[in-house]
Amino acid sequence: SEQRATTNIASNMSTSSLAAVASRINERNNALRSELTTLELLRSEEEELGKVLLAEESSTREVRQKLLTAVRSRHGLELECLRMKEDSSKIEEQSDALQSCIDDI
């Protein structure tokens with residue numbers, strides 16, 4: 001009878017220990033599932049942010065191309081203005097020379 005009581009106590013302790021282990025396993029399983037869900041959400045967010053980044057890079061590239069085209073155009077106009085100034089100076093010199101000839105006559 002005493003041996004049965006000891007066996008029952010040991011059996012109850014084993015069952016109790018197994019239940020505790022099973023409970024810890026379930027808790028860990030639930031925690032891992034929660035972490036997986038969080039990971040999936042983070043991956044989804046990362047994918048969306050990646051798309052936004054690609055769109056912004058594309059937009060930036062287009063704006064940069066427009067800026068470079070505008071700068072190139074501006075430089076072309078500046079060169080044209082410099083040439084016109086030079087031509088104007090030559091015309092002034094020729095005009096002054098003609099005026100000098102006219103004054104001499």
Side-chain angles (χ1 to χ4, degrees):
S1 167
E2 214 174 286
Q3 189 176 9
R4 274 192 203 153
T6 304
T7 304
N8 282 341
I9 291 173
S11 176
N12 285 342
M13 287 179 67
S14 288
T15 303
S16 173
S17 295
L18 288 175
V21 169
S23 176
R24 285 194 300 269
I25 289 172
N26 279 335
E27 287 174 12
R28 183 65 183 142
N29 187 37
N30 290 338
L32 289 173
R33 284 185 183 182
S34 176
E35 289 175 14
L36 281 174
T37 301
T38 301
L39 178 61
E40 288 173 7
L41 289 172
L42 289 172
R43 283 182 179 160
S44 177
E45 184 178 335
E46 179 186 27
E47 184 179 334
E48 287 301 313
L49 290 173
K51 290 176 184 177
V52 169
L53 177 62
L54 286 175
E56 287 180 1
E57 285 175 345
S58 176
S59 176
T60 300
R61 193 175 317 117
E62 290 173 16
V63 169
R64 182 173 161 77
Q65 287 173 345
K66 287 178 183 178
L67 174 64
L68 290 174
T69 300
V71 167
R72 185 182 309 143
S73 177
R74 177 180 171 200
H75 288 165
L77 290 172
E78 287 176 350
L79 283 173
E80 189 176 333
C81 286
L82 288 173
R83 285 186 195 121
M84 291 173 88
K85 245 184 186 178
E86 187 178 319
D87 291 346
S88 175
S89 293
K90 286 179 185 177
I91 291 171
E92 266 187 51
E93 288 173 11
Q94 291 173 353
S95 175
D96 288 346
L98 282 173
Q99 186 64 46
S100 179
C101 286
I102 291 173
D103 289 344
D104 288 345
I105 296 178

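For the salt bridge (Lys or Arg N to Asp or Glu O under 4.0 Å) condition, the pairs that include at least one residue of residues 44-55, sequence neighbours left out, are Glu47-Lys51, Glu48-Lys51. Annotation: salt bridge (Lys or Arg N to Asp or Glu O under 4.0 Å) contacts involving residues 54-64, sequence neighbours excluded, are absent. Among pairs with a residue in residues 26-39, none fulfils salt bridge (Lys or Arg N to Asp or Glu O under 4.0 Å), at least two apart in sequence or across chains.
If you take CG on Leu36 and CG on Leu41, they are separated by 11.0 Å, rounding to the nearest 0.5 Å. Rounded to the nearest 0.5 Å, atoms CG (Leu82) and CG (Asp87) are 11.0 Å apart. Put simply, OG1 on Thr60 and CD on Gln65 are 11.0 Å apart, with the number rounded to the nearest 0.5 Å. Going from atom CG of Leu68 over to atom CZ of Arg72 covers 7.0 Å, rounded to the nearest 0.5 Å. In this structure, Leu42 CG and Leu49 CG are separated by 10.5 Å, a value rounded to the nearest 0.5 Å. Taking CD of Glu86 as the start and SG of Cys81 as the end, the distance is 13.0 Å to the nearest 0.5 Å.
Annotation: side-chain hydrogen bond (donor to acceptor under 3.5 Å, both in side chains) contacts of Asp103 (sequence neighbours excluded): Gln99. Partners of Glu80 according to the salt bridge (charged side-chain N to carboxylate O under 4.0 Å, His left out) rule, which considers only residues two or more places apart in sequence or in another chain, do not exist here.
Thr38 places a side-chain N or O within donor-acceptor distance of the main-chain N or O of Ser34, the cut-off being under 3.5 Å. Under the 3.5 Å distance criterion, the side-chain polar atoms of Ser73 are left unmatched by any main-chain donor or acceptor of Thr69.
Under a 4.5 Å side-chain heavy-atom criterion applied to ILVMFWY residues, the cluster that includes Leu67 comprises Val71 as well.
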